[in-house]
Amino acid sequence: MSDRIYRHAVGVETSVLSGEKILLDPQGRMLRGLNPTGARVWELVDGKRSETQIAQVLAEEAGIDAARALADVRAFLSALLEKKLIL
Amino acid sequence: LLPRVRARADGGLALEGEGFRAELSADRREARLEGPIDPFPVTAVVRVLLAEALLLRGGLLVHGCAVAHQGKAALFTGDSGAGKSTLGKWASQGGLTRLADELVAVLPDGDGFRVHGTPWNVGTNASARLTHIGVLAHTPGAQLRPVPASTVLRVLLSNVLEPGDTNEVRAMLFQIASKILSVVPTYELGFARNLEVANVLRDALSR
């Protein structure tokens, strides 16, 4: 499986309400709330870090298994990609 | 309540509602309407113009009911049938000021926001500082309970009048709504059709 690099889609709006990060898709029609881990992944998606690098950061910060972190990051990013929130 | 609003390339707006069409000039000084002679198309144009004017000032025009007491206001929004008019009626009968029960104007005011009555359905030419904002629920008894701001955001955004169909307009609405909900506590107001709701709101607004 390739180690993809993603960036935020142009036009995605973000806000933080009561500690929860909220994304609005570029069409302004769909809201998505992120839990703290999701919000951290969103921060790490910068057009430079690969999926593996993002997972490594998470694994170190959360003290979890790197392989599991990578699987979770891939699943999460795949969902964001499907919603056109990242490219 | 609002016609479909499409931004034209020249900066004007094209409105299309039930049985009428309207074109607004780029400077918003002129509106041409086509349709039956009826107050509704004119009102629809005024609503769009007001929604846009509020947006440009960092405010919103919200489908909702706002009631006030001692200079403080609570604004509740919800889809059609949620109970906005019913809430306005009972709150008014209970001695609170019904600022508006159909469309509420929200504008920045210092570090917070202020809600203003509008003339549609039942409204009052007055304003008050926004201290409570939320969504409505039908419950056996009146109760006001805190809920996450994100819960209110979803309902609020679906009940804000959009004075245009561009991504830029929707982004502005999202940011303004987020700002309001980051400084004004968020609630769910449950109520039945009786005066109890007025007492609950009076207590909350008196604190």
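Any value given below was found using the heavy atoms of this structure, including those in side chains, with hydrogens, waters and symmetry copies removed. Here is how names work: the chains are called A, B, and so on, in the same order as the sequence lines, proteins then strands, and each is numbered from 1.
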Heavy-atom distance under 4.5 Å to chain A: side chain of B/E168, backbone, both or neither?
neither

Under 3.5 Å, side chain of B/S25 to main-chain N/O of B/E30, donor-acceptor pair present?
yes

Are A/D46 and A/K48 close enough for a salt bridge, meaning some N to O gap below 4.0 Å?
no

Test applied, side chain to side chain contact (heavy atoms under 4.5 Å, CB included); reference residue, B/H69; option that passes from B/L201, B/D203, B/L205
B/L205

Between B/D109 (side chain) and B/R129 (backbone), is there a donor-acceptor pair under 3.5 Å?
no

Looking at B/E16 and B/R21, is any side-chain nitrogen of the basic one under 4.0 Å from a carboxylate oxygen of the acidic one?
no

How about residues 25-35 of chain A versus chain B: which residues have heavy atoms under 4.5 Å apart?
A/P26, A/Q27, A/G28, A/R29, A/L31, A/R32, A/G33

B/T186 side chain vs B/V147 backbone, donor-acceptor pair below 3.5 Å
yes

So does A/E43 pair up with A/R49, basic N to acidic O under 4.0 Å?
no

So do the side chains of B/T86 and B/R193 get within less than 4.5 Å of each other, counting heavy atoms only?
yes

Between A/E13 and B/R170, is there a side-chain N and carboxylate O pair less than 4.0 Å apart?
no

Can you run down the ring-ring contact (aromatic ring centres under 6.0 Å, His included) pairs that involve residues 36-85 of chain A, sequence neighbours left out, and say none if there aren't any?
A/H8-A/W42

Residues in residues 54-62 of chain B that sit under 4.5 Å from chain A, counting heavy atoms only:
none

Are B/W120 and B/V46 close enough that some pair of their side-chain heavy atoms sits under 4.5 Å apart?
yes

Keeping B/T77 on the side-chain end and B/H63 on the backbone end, is there a donor-acceptor pair under 3.5 Å?
yes

Proximal component of B/L173, with respect to chain A [non-hydrogen, under 4.5 Å]:
neither

Tell me the residues of residues 60-68 of chain A whose non-hydrogen atoms fall below 4.5 Å from those of chain B, in number order.
none

Tell me, for A/E20 versus chain B, whether the close heavy atoms (under 4.5 Å) come from the side chain, the backbone, both or neither.
side chain

Is the backbone of B/V155 close enough, under 3.5 Å, to the side chain of B/S158 for a donor and an acceptor to pair up by distance?
yes

In plain terms, say whether B/R145 and B/E188 are close enough for a salt bridge, that is, a side-chain N and a carboxylate O under 4.0 Å apart.
yes

